[in-house]
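Naming: A, B, ... by sequence-line order, numbering from 1 per chain.
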Amino acid sequence: MNMLDGLNPAQRVAVQTIEGPLLILAGPGSGKTRVITHRVAYLVNTCAVSPKRIMAVTFTNKAAREMRERLHGLLGRTAQDLSLGTFHAICAGILRREGKAMGLTPSYVIYDEADQLSLIKRCLQELNLDPKRYAPKYFVSGISACKSQLIKPEDYALCVNSYIEELLQRVYRHYQMLLEQSQALDFDDLLMRTYHLFDTHPEILRRYQSRYLHLLIDEFQDTNATQYALAKQMGGKYRNICVVGDPDQSIYSWRYADLRNILSFEKDFPEARVVFLEQNYRSTMNILEAAHTVVSINENRKENRLWTDNAAGLPVRIAETYSEAEEAQYVVSEIATLSQQGEARPVDCAVMYRTNAQSRAIEEAFVRYGLPYQLVGSVKFYERREVKDVLAYLRLIHNPYDSVSLMRIINVPPRNIGQRTIDEFTQWANSQAIAPYTGLERLSTDRTVSPLSARATQALISFYEMIQPLVKKSTEVNVVDLLDTVLDVSGYKAHALSFADGEDRWENILELRGIAADHQQAGPTESLSSFLEAVALFTDVDELDERRDAVTLITLHQAKGLEFPVVFITGCEDGLIPLHWGTLEETDLAEERRLLFVGMTRARHRLLLTHARKRRRHGKLQKCQVSPFLADIEKQLLDRLAHRAVKKRAPRRDQPTLFEL
DNA sequence: CGAAAGGCTCTTTTT
DNA sequence: GAGCCTTTCG
């Protein structure tokens, strides 16, 4: 099969330019995915490059999985040999194999944001800082900012300018110390520590550099400085680095993605070739024009003028509603009508919003109408209490130094280890400069060292004596058996079931058990490891099920990379799009425009933008104005529906409510 | 010492 | 409106 079939000239150049650095600027709907997969297939089939020598980096796990599936179709079994995943997943693997060189155990655990937050709180406590005065979240994001730019605590010490920065420096240093003690890495560490591993161990870097003949990075506009530095390291030998992205779709600067990466790629690699993919195959001309207007207002853009052969299509609709409830009704009734008329099935439709909080009203309307829907990532599975608890047991068993997990479950279910006991115990462990688990170990060998009452000491020792045999067992049995034993021995099963919603909790635990069952390939330790790693890096977009005939409810951010025949963007109001909150931080209007651009360009045939006059926010009813971003769109592209007209289309809810806004 | 109830604050986007 | 923390009660 010829890998160039069905590609336009620009796409062919993007596939065939395999020597040296290459920048592919790919607008929305320009066949980017096709180009990337065909490029990899071209390298393997036509240029005889071994799949083992190709690394492709995607933004989400889902994108990685889909790419592997497509490549499996083009290449067959050998697609398994490609290194394909997110930066985080790839780095997690490298550190699993090579971390020993810098004192990292292969059973290290990955801390998610909740774990980070709880560790930060512990830092504040140990540094005698009042968490009410200094928001823990501030430190989480400050540390993340540092790590995204390869700034270590000692580097940061050099550029401290204010008291709060001084505090950040101290918290950062302490936090890193605790992470190390816990043999744990946060998301940013996965990247930063891989960079430092390569930086301090040239022999390891050389191995990876020599292995990867070709490097391909997707969604390059949303990479941070650390990720770019990693790419330069790994591609340093052959310089066959191909980056794909679109500056207009950069929407993660709040996560410290750095647009400069893509804007200055040509300066960093003067020999780079640049390919523009400007033909859009996805959207109607009206949709494309309207979306372009929104983003074209931005200054300092790299103009990428999209065009399409598609028909003008329907005008973009802007509909005003009275309240968010009416907005939701309108959306649902429009979808119901389209569905009845056979114009679109529910699965063809997506409802997008800026904040997750908005999904609630929409969801209610779907329930009321009995229309099937699929909510992406709102009640996050891996954030459920019971799921986190059970995972904490497994993590602790896998890596007993993991102090966050230990603290989480030491008294869950209740086993008479109260806050006071915990505080005194931690203080004692800290004074001995040992990890909490080591402290438990010591107490059990010699309880006379205990600073606590005999009763408290006994409770701690009992906990240790429950966990320790499980640690041994974890190297002998598979994940599912281990999980079953944990649920039994710890009393967690009974604990979960004892709640009013116990059945639901147990269901979730069983679901987790099912996921664990998928990881039983290798030996016990490896499968536990791979299960915990997969779980840590999993995100909610990953579970979007395209086979169900249901409407997708999704945030604008999560919608990146997806497409739907019919798209609703709700809450197109000043304050929501663009989002602005208290006085704390400034709104990046350019990024807000890009976000709306991303949302609009997800639509193939129909695009409907809705805004409400009144909306509940922060528990208060607020008056809302239409988003200023819509003002510049030319009138002939639009079909404006005033509130009165909307009301006729959106029949009243079939159940009476107490308060009509 | 631990559990339950009430008061408090804070509300963006996610690997 | 929700989750977190503190207070109160057992």
Participant: Should A/Asn356 be listed as having a side-chain N or O under 4.0 Å from OP1 or OP2 of B/dT13?
Facilitator: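 True: A/Asn356 side-chain N/O within range (under 4.0 Å) of B/dT13 OP1/OP2.
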Participant: Should the pair A/Asp186-A/Arg193 be classified as a salt bridge under the 4.0 Å nitrogen-to-oxygen rule?
Facilitator: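 Looking at A/Asp186 and A/Arg193, the cut-off is not met.
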Participant: Mind checking the C1' distance from C/dC4 to B/dT13? Whole angstroms is fine.
Facilitator: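 Their C1' atoms lie roughly 22 Å apart.
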Participant: Please determine, for C/dC4, whether a Watson-Crick or G-U wobble partner exists with both distances under 3.5 Å, and give it or none.
Facilitator: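 Pairing partner, where one exists within any strand: B/dG7.
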Participant: With sequence neighbours left out, write down each residue that passes ring pair (Phe, Tyr, Trp, His ring centres under 6.0 Å) with A/Tyr228, or none if nothing qualifies.
Facilitator: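 Result, ring pair (Phe, Tyr, Trp, His ring centres under 6.0 Å) vs A/Tyr228: A/Phe220.
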Participant: Are A/Tyr175 and A/Phe139 close enough that their ring centers fall under 6.0 Å?
Facilitator: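 Not close enough - the centres of the two rings lie 6.0 Å or further apart.
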Participant: Compare side-chain N and O positions of A/Arg360 against OP1 and OP2 of C/dA2 and report whether any pair is under 4.0 Å apart.
Facilitator: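 Yes, A/Arg360 has a side-chain N/O under 4.0 Å of OP1/OP2 on C/dA2.
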Participant: Let me know the distance between CG of A/Leu589 and C1' of B/dT13, rounded to the nearest Å.
Facilitator: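 Roughly 16 Å, once rounded to whole Å.
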Participant: Examine A/Tyr111 together with A/Phe187 and report whether their ring centres are nearer than 6.0 Å.
Facilitator: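 No: the rings miss the under 6.0 Å criterion.
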Participant: Checking base pairs now: Watson-Crick or wobble, both atom distances under 3.5 Å. What partners B/dT13?
Facilitator: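 Here B/dT13 is not engaged in any pair, so there is no nucleotide opposite it.
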Participant: Quick one, which residues of residues 248-260 of chain A touch DNA chain B with a heavy atom under 4.0 Å?
Facilitator: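 Heavy-atom cutoff 4.0 Å gives A/Tyr252, A/Trp254, A/Arg255.
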Participant: Looking at the rings of A/Trp506 and A/His495, which for Trp means the six-membered one, are their centres under 6.0 Å apart?
Facilitator: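 No, the ring centres sit 6.0 Å or more apart.
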Participant: From C-beta outward on A/Thr421, which listed nucleotide comes closest to its side chain: B/dC1, B/dA3, C/dC4?
Facilitator: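 Side chain of A/Thr421 sits closest to B/dC1.
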Participant: Applying side chain to side chain contact (heavy atoms under 4.5 Å, CB included) between A/Val535 and each of A/Leu391, A/Ile110, A/Val387, report the one that passes.
Facilitator: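 Testing A/Val535 for a side chain to side chain contact (heavy atoms under 4.5 Å, CB included) against A/Leu391, A/Ile110, A/Val387 leaves exactly one candidate, A/Leu391.
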Participant: Output the rounded distance in Å from CG (A/Leu595) to P (B/dT14).
Facilitator: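 Between P of B/dT14 and CG of A/Leu595: 10 Å.
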